[in-house]
Protein chains: 2
Amino acid sequence: MKIGEAAERSNLPPKTIRFYEDIDLIKPSRTRNQYRDYSDNDVYRLLFLQRSRSLGFSIEECRLLLSLYDDKNRASSDVKAIASAKIQQINRKRQELQSLKNTLLDLVKNCHGDDKPDCPIIDDLSGRKFK
Amino acid sequence: MKIGEAAERSNLPPKTIRFYEDIDLIKPSRTRNQYRDYSDNDVYRLLFLQRSRSLGFSIEECRLLLSLYDDKNRASSDVKAIASAKIQQINRKRQELQSLKNTLLDLVKNCHGDDKPDCPIIDDLSGRKFK
DNA sequence: CTTGACCTTCCAGTAAGTGGAACCTCTATA
DNA sequence: TATAGAGGTTCCACTTACTGGAAGGTCAAG
């Protein structure tokens with residue numbers, strides 16, 4: 001099948017699929033007229049990429065995951081370790097966002113939010129102590 | 001003062017400070033020998049950038065915030081609106097991460113994590129239904 | 001007078017695509 | 001048969017927010 005159909009089936013834009021080929025994540029065959037020709041297996045591969053990317057794995061992590069996907073002798077513990085590390089990463093990111101949010105909430109709480117130029121948020125950002 | 005000292009005082013690397021100049025966030029004067037020459041006000045501006053960036057504001061948001069910082073007649077409500085929007089953004093991002101995490105936790109929970117090639121995580125990523 | 005720290009500019013690369021231009025190919029229809 | 005349109009191709013540039021490195025200039029100390 002051509003790239004358009006592969007795109008539909010994998011929920012990935014054609015541009016992204018070509019990009020994945022550029023970085024050697026997938027290598028479809030070509031027809032005589034140079035059109036990319038995707039097999040069902042290629043589509044599975046693209047779906048694998050679509051799902052793992054949407055779960056927050058980086059391209060390099062996806063590459064690793066794909067190599068495990070290809071490796072019929074992989075240990076499930078290897079895959080589990082990658083997924084667990086990703087969960088820890090997400091936890092850290094969430095905590096970081098939480099603390100940013102708390103700081104912003106504090107700032108917003110102290111800002112009267114009217115038409116006057118006096119603004120504790122700006123004061124804080126500029127480094128003026130105002131507490 | 002030269003860029004090294006401005007960097008120390010603002011907690012920003014010199015490279016980043018030069019970059020901020022490239023994108024017109026700050027315009028220090030120059031000495032005869034072409035060295036950048038930062039005033040105290042310049043350092044406050046850099047600190048403002050450092051703080052707002054570290055609070056998760058994008059460069060363009062910082063540019064807007066800086067223009068409010070410069071505007072002695074700004075309404076504090078304008079600033080408050082930007083900060084509030086950012087809080088909403090953070091909330092959305094956190095929810096997104098939470099749901100990614102839940103999916104990954106589910107996957108990991110179902111993976112025995114031993115030396116055998118059978119792996120529910122890979123199965124799920126590849127689109128095979130295994131429940 | 002040379003060494004070393006620090007400064008300068010410019011070019012390239014990062015992550016993960018997206019947008020657009022210029023051009024090709026196939027199918028359908030007037 | 002001519003042509004229009006859909007969808008394919010390549011390549012280059014842009015995005016975000018920097019970071020690294022090369023090649024060279026400047027200045028104070030020894």
Student: Quick check: on DNA chain D, is the nucleotide nearest D37(A) upstream (toward 5') of the one nearest I59(B), or the reverse? Name the residue that is more 5'.
Tutor: D37(A)

Student: Excluding sequence neighbours, so at least two apart, what forms ring-ring contact (aromatic ring centres under 6.0 Å, His included) with F48(B)?
Tutor: Y69(B)

Student: In whole Å, I'd like the distance from the CZ atom of R32(B) to the C1' atom of dG25(D).
Tutor: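 Answer to the nearest Å: 16 Å.
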
Student: What residues form a side-chain hydrogen bond (donor to acceptor under 3.5 Å, both in side chains) with R30(A), not counting sequence neighbours?
Tutor: E21(A)

Student: Given dG8(D), is OP1 or OP2 found less than 4.0 Å from the side-chain N or O atoms of N33(A)?
Tutor: no

Student: With sequence neighbours excluded, what pairs up with K116(A) under the salt bridge (Lys or Arg N to Asp or Glu O under 4.0 Å) test?
Tutor: D114(A)

Student: Taking any atom closer than 4.0 angstrom to a non-hydrogen atom of chain A, what span of DNA chain C does the protein reach, first nucleotide to last?
Tutor: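 Here the contact window of chain A covers dA16(C) to dC26(C).
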
Student: Provide the closest heavy-atom pair for K101(B) versus I87(A) in the form atom of the first, atom of the second, distance.
Tutor: CG-CG2, 4.2 Å

Student: Does either side chain, that of N33(B) or that of T31(B), offer a donor lying less than 3.5 Å from an acceptor on the other one?
Tutor: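 Indeed, the side chains of N33(B) and T31(B) share at least one donor-acceptor pair under 3.5 Å.
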
Student: Go through residues 19-29 of chain A and report each residue with a non-hydrogen atom lying under 4.0 Å from DNA chain C, sorted by number.
Tutor: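 Per residue number, the list reads F19(A), Y20(A).
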
Student: Take Y38(A) and F57(B), find for each the nucleotide of DNA chain D with the closest heavy atom, and name the residue whose nucleotide sits nearer the 5' end.
Tutor: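 First, find each residue's nearest nucleotide; the 5'-ward one identifies Y38(A).
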
Student: Without placing hydrogens or testing angles, list every side-chain donor-acceptor pair under 3.5 Å for residues 53-67 of chain B, not counting sequence neighbours.
Tutor:
unit_1	atom_1	unit_2	atom_2	d
R53(B)	NH1	F57(B)	O	2.5
S54(B)	OG	Q50(B)	O	3.3
S54(B)	OG	R51(B)	O	3.0
S58(B)	OG	E60(B)	N	3.4
S58(B)	OG	E61(B)	N	3.1
S58(B)	OG	E61(B)	OE1	3.4
E60(B)	OE1	R63(B)	NE	3.0
E60(B)	OE2	R63(B)	NE	3.4
E60(B)	OE2	R63(B)	NH2	3.3
E61(B)	OE1	S58(B)	N	2.7
E61(B)	OE1	K86(B)	NZ	2.8
E61(B)	OE2	K86(B)	NZ	3.3
R63(B)	NH1	I23(B)	O	2.9
R63(B)	NH2	I23(B)	O	3.2
S67(B)	OG	L64(B)	O	2.7

Student: Without hydrogens or angle criteria, can the side chains of N102(A) and S99(A) be said to hold a donor-acceptor pair below 3.5 Å?
Tutor: no

Student: Can you tell me how far C1' of dC18(D) sits from CZ of R53(B), to the nearest Å?
Tutor: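 Whole-Å distance recorded here is 9 Å.
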
Student: Indicate every side-chain donor-acceptor pair of residues 9-20 of chain A with a distance under 3.5 Å to a residue at least two apart or in another chain.
Tutor:
unit_1	atom_1	unit_2	atom_2	d
R9(A)	NE	E5(A)	OE2	3.2
R9(A)	NH2	E5(A)	OE2	2.4
S10(A)	OG	A6(A)	O	2.7
S10(A)	OG	A7(A)	O	3.4

Student: Scan residues 1-9 of chain A against DNA chain D and write down, sorted by residue number, each residue with any heavy atom closer than 4.0 Å; if none is found, say none.
Tutor: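 Close to the strand are K2(A), I3(A), G4(A).
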
Student: I'd like to check the side-chain hydrogen bond (donor to acceptor under 3.5 Å, both in side chains) partners of S29(B); sequence neighbours left out, ordered by chain and number.
Tutor: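 Per chain and number, S29(B) pairs via side-chain hydrogen bond (donor to acceptor under 3.5 Å, both in side chains) with no residue.
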
Student: Bend across the helix from dC1(C)-dG30(D) to dA30(C)-dT1(D), to 10°, with axes taken over 5 pairs at each end?
Tutor: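 Rounded to the nearest 10 degrees, the bend comes out at 40°.
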
Student: Search all heavy atoms of L97(B) against all heavy atoms of R94(A) and return the closest pair with its distance.
Tutor: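 Scanning both residues, the minimum pair turns out to be CB-CG, 3.7 Å.
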
Student: Reckon P14(B) touches a base, only the sugar-phosphate, or nothing at all at heavy-atom distances under 4.0 Å?
Tutor: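 If one applies the 4.0 Å heavy-atom cut-off, P14(B) turns out to touch nothing in the nucleic acid.
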
Student: For nucleotides 10-12 of chain D, give me every protein contact, N/O to N/O, under 3.5 Å, one pair per line with atom names.
Tutor:
unit_1	atom_1	unit_2	atom_2	d
dT10(D)	OP1	R30(A)	NH1	3.3
dT10(D)	OP1	R30(A)	NH2	3.4
dT10(D)	OP2	R36(A)	NH1	3.0
dT10(D)	OP2	R36(A)	NH2	2.7

Student: Looking at dT16(D), I'd like to know if its phosphate oxygens (OP1 or OP2) sit under 4.0 Å from a side-chain N or O belonging to S58(B).
Tutor: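 Checking dT16(D) against S58(B), no side-chain N or O comes under 4.0 Å of OP1 or OP2.
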
Student: Using salt bridge (Lys or Arg N to Asp or Glu O under 4.0 Å) as the criterion, list what pairs up with K2(A), not counting sequence neighbours.
Tutor: none

